[in-house]
Every structure is written in structure tokens, then in C-alpha cells.
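Reviewing the structure listed below.
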Amino acid sequence: MPRVTFIEPQGRTVAIDITVGCSLMQAATSHGVAGIAADCGGACACATCHGYVEGDVATALDAPDASEAAMLEAVAAEFRPNSRLSCQVKASAGIDGLVFRIAERQD
Amino acid sequence: MNAPVSDIELYSTPALLEPFENYRALRDLGAAVWLSAYDMFVLTRFADVRAALANPAVFSSAGGVTMNQEMNDKLRGGLLCSDSPQHDVLRKIIERPVTMKALAELRQRVSDEAEVVVERLVAQREFDVATELAQHLPVTIVSELVGLPEEGRERMLQWAPANFDCFGPINERTTAAFPIVGEMVNYAFTQCVPGKLKPGGWAQMIWDAADRGEIDASICPFLMNDYMGPSLDTTIFATTSAIWLFARHPEQWRQVCANPALIPAAINEVVRIESPIQTFSRYVAQDHVIDGVTLPAGSRAIVAFGSANRDERKWGDPEVFRIDREASAEHLGFGFGEHQCVGANLARLEIRALLSALAKRVERFELVEMKRGVNNVLRGIEHCVVRVH
């Protein structure tokens, strides 16, 4: 299972082995990782599961699709080129080693 | 016509109470089936419902989304029964008070209200979820924030289900509901007007948009329905269904209590499995082929969200209530595409606030008594007495 490291807003790091097909948001919320609100439960409708993908593996991710790109315009924290909505990034073997830095605020 | 035909009566009382066997039969019969009882097509599979909702050029809403012409004529001009470009103009106005940004300002207040009502009911120990818990936030929000005048407000809980009964094909339910909807329309035209509306409220904001020339003032009364109609029973039924499901699946509630961050996902699973809005329709604006079946321009196609959300082709175990379901966010219970429920985030906010407050106080719900309601398009429970432990 690919391992993803989450960095919470306060700095704590949590490494999670994620089942392939599960989203970063789902892994984070089920493991008690702080800082992700995910108000819409993963429907790409609220922009409150925002963070930044880091590490070499980040460059290999597919770009956000049109709905995610539209929602990313509504994030509360700073939008950066490596901004992603964690509910839209699904685990695959290729993301092993990914770092996800959770945004400092979600509203 | 080359569609498979079925004489299943989806809108009979027994069918509305227990739709799922019918849905399954229709899914297995074909992607698009002609319902001889109603002279319209029905799409019941997840992939086809989703594709239709994503294709407004073919599956038009301006041509009406209800299953009878009279109601389609009444609703023309509002957001629900509109196509682009008018749709985009109306949606931008209607959604202003319910965007995430706007809702962020409401969050604390909704949470505080939820704490108060839950604290009171938990102390009472036994209560009817449907009437004592689930109605509170939607009714409070709709009256106060929309800014409806006090006079006539108490009728809102009769108007909302009548509104949806009028979406069905003409039957005894539709016929009985039209006069009640008439009252709501009259209220919208005579009472929901500047001077009687609360200044700064959502309804007043629609009139302000007309003053600024963004829309024609003549459609403002129709837009009142876009706030009053869909924001009550839908959220109320989702809330009641949630508690009913948790009462019957205590191990799912234990997961929620152990990790309240799972509540948004749980709400999605509730809306998937008990979709408060089971069916709408679309007007077929151009000849269209689905799986070899031609839907001719001018025909009507029912989009069965309640069936799509239980399609075994999409969901491995659709009959199972599982809050950890990976794809739960993909349900079509809020619709999909440009007409996706504009109030979805408000509904989520309200339901989440109640479930959070309950998760702090309740280990287990014991189901005492339950009675399902019957409505042409709504699926919900009218009485759900629980005892909390």
C-alpha cells in the first residue's frame, strides 16, 4: 500500500499506508489527522479539504480535472500551483512517498 | 418505438413506500424503459442518470422537471425549470446566501441552535425525531434567514410536501396538493414582497437584484419558491432517515461517536441510501439514443436518483448502509451537473450540526416506533420515535 505523509497545520506529521482507491481525505479523516474539514464528505463541493502536494512523487500526479480546478478557486488559504483537494487525490501505487501539507485554514 | 416497455406504476402508494424492487426490475429491463402507465421514459441506472444530468442540451430543465404539464407550466421562470443562459443568471443570484463562504458565517449559529435542541431532547430521553428534532433547523433557517413575514409561516410545513406531490404524474395525490400549492404561490406573490420581507434577508436580496436590473421583477415571486419549496422536507427527511438508519445499525453510530470527522461521509451515505428526492424528470429536447433506444425530441424522461443510488452496477453492495463506503460522495441524491442542489452545503451544515451534537451525548438510539410518509417524489419518515441511551 502506498505511504503518504500528512503534515498537520500545527506541524505534526502522520504517515498513513492508504488502500489503493481510497482518497487522501478519506485516509486522513479516518485516521484522526487534524486540519481537514471535508464538509461535503468528498463530493468536490466545498473546498475545505485543501492542502499542498510535495515531494518528487507530487509531479507524477494527474492534474486536477475541471470540477476540482473550479473548486480550488474557492479555497480559504493561499492557492499555490501545488494546491489540491484531498478528496480528489486517490491513492495508487505511484503515490508512495507523497507528502500532503494540510492548508493552515479551511474557512 | 424501440424501447422496452413496462406497466410498473412507480407512483402508486405501495410503489412509493417500497420502490426498490421496481427500480431493480426496470434497471434490468433496460437503460431507458417506456412506462406505459405514464407515457414517459425512465432512466434507472447510475451511469445513464448521471450522463443525462450532465447533458442539459438534450435533457432540458426549461422544458419542465416534474411529471405533469400543469406543474411544469407553473414553475417556468424559476431556477429549477430553466436552461442556460437564463439558468446561469438565476443561479448566481439564488446561490449567493448559500455559497460556502456565506455559510461559513452561519456555522456557529447553526451549531449553537443544534446544541440547544439536542440538549433539550436528550434530557427528554424519548422523542419523535421527525417532528421534534428534524424540523427545527430547517424551519428556523427558512423563516428567519429567508426573511419570510411571520404571517402565514406556520403553513410552510404543509406547503413543502404539497409542492413535491405536485411533481408527480396526475393522480389523487397531485390533485389534492394543487390547491395547497396555490396557497404557497399566493403567499409568494402577495406576502413575499418588499416591505413585508425582512430587510437583508435572502428573499429581499432577490428583489434587490431586480432593482439593480440583474433580473426582471416579474420573476421574483417564482424565485421565492426556489427558497421555500426545496429547503424543508428534503433536509427534514434526510435528518430523520439518518437517525432511523443509525438506530438500526448501532455499529455505524459507534463509528461516528468514536470519530465525528466521519459525519460528512455518513451524511452522503444516508442521502445515497434513502434519497429524499427519488425522481425528477427532464424534457428531451433533441432525438437521443441510449443503448440503442431512441428517445425522440419532445418526450419526457424520468431521472430516478433513488434507483441510481442503489444500482448494483455502480455500488457493490447498495443495500448496505456503510458510512465508510469509499464512493459515497458520488451519489446522485443532490443531483449532478448544472442543476445540482444549490442548497446542498446548507443541508449538510444543518445535518452535521445535529449529528455532532448527538454524537457527544448519545451512545445508542433505540427505535420505538416508525411510520413512513407517502409523497410522489419525496422519500421520508413521518414519525420516528426513538429512546436515547
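Here is how names work: the chains are called A, B, and so on, in the same order as the sequence lines, proteins then strands, and each is numbered from 1.
When the candidates Ala45(A), Ser23(A), Ala76(A) are compared by the number of heavy-atom contacts under 4.5 Å with chain B, Ala45(A) comes out ahead. Across Ala47(A), Cys87(A), Gly42(A), Gly41(A), the residue that shares the most heavy-atom pairs under 4.5 angstrom with chain B is Gly41(A). Contact tally against chain B (heavy-atom pairs below 4.5 Å) for Ala37(A), Cys46(A), Gly21(A), Cys44(A): the top residue is Cys46(A). The most heavy-atom pairs under 4.5 Å with chain A, out of Arg107(B), Gln340(B), His331(B), Lys101(B), come from Arg107(B).
Looking at Asp107(A), the atoms closer than 4.5 Å to chain B (heavy atoms on both sides) all sit in the side chain, from C-beta outward. Heavy-atom distances place no part of Ile267(B) under 4.5 Å from chain A, backbone and side chain included. Both the backbone and the side chain of Glu326(B) come within contact range of chain A, with heavy atoms under 4.5 Å apart.
Side chain to side chain, Asn259(B) and Gln255(B) fail the donor-acceptor criterion of an N or O pair below 3.5 Å.
Between Glu78(A) and Arg105(A), no side-chain nitrogen of the basic residue sits less than 4.0 Å from a carboxylate oxygen of the acidic one, so the salt-bridge criterion is not met.
Around the CG atom of Asp317(B), the shell of radius 6.0 Å holds more than 12 heavy atoms that belong to other residues, nucleotides or ligands.
Thr19(A) places none of its side-chain heavy atoms less than 4.5 Å from the side chain of Gln26(A).
When ring centroids are compared, Phe246(B) and Phe321(B) come within the 6.0 Å threshold.
With rounding to the nearest 0.5 Å, the separation of CZ in Arg282(B) from OG in Ser61(B) is 3.5 Å.
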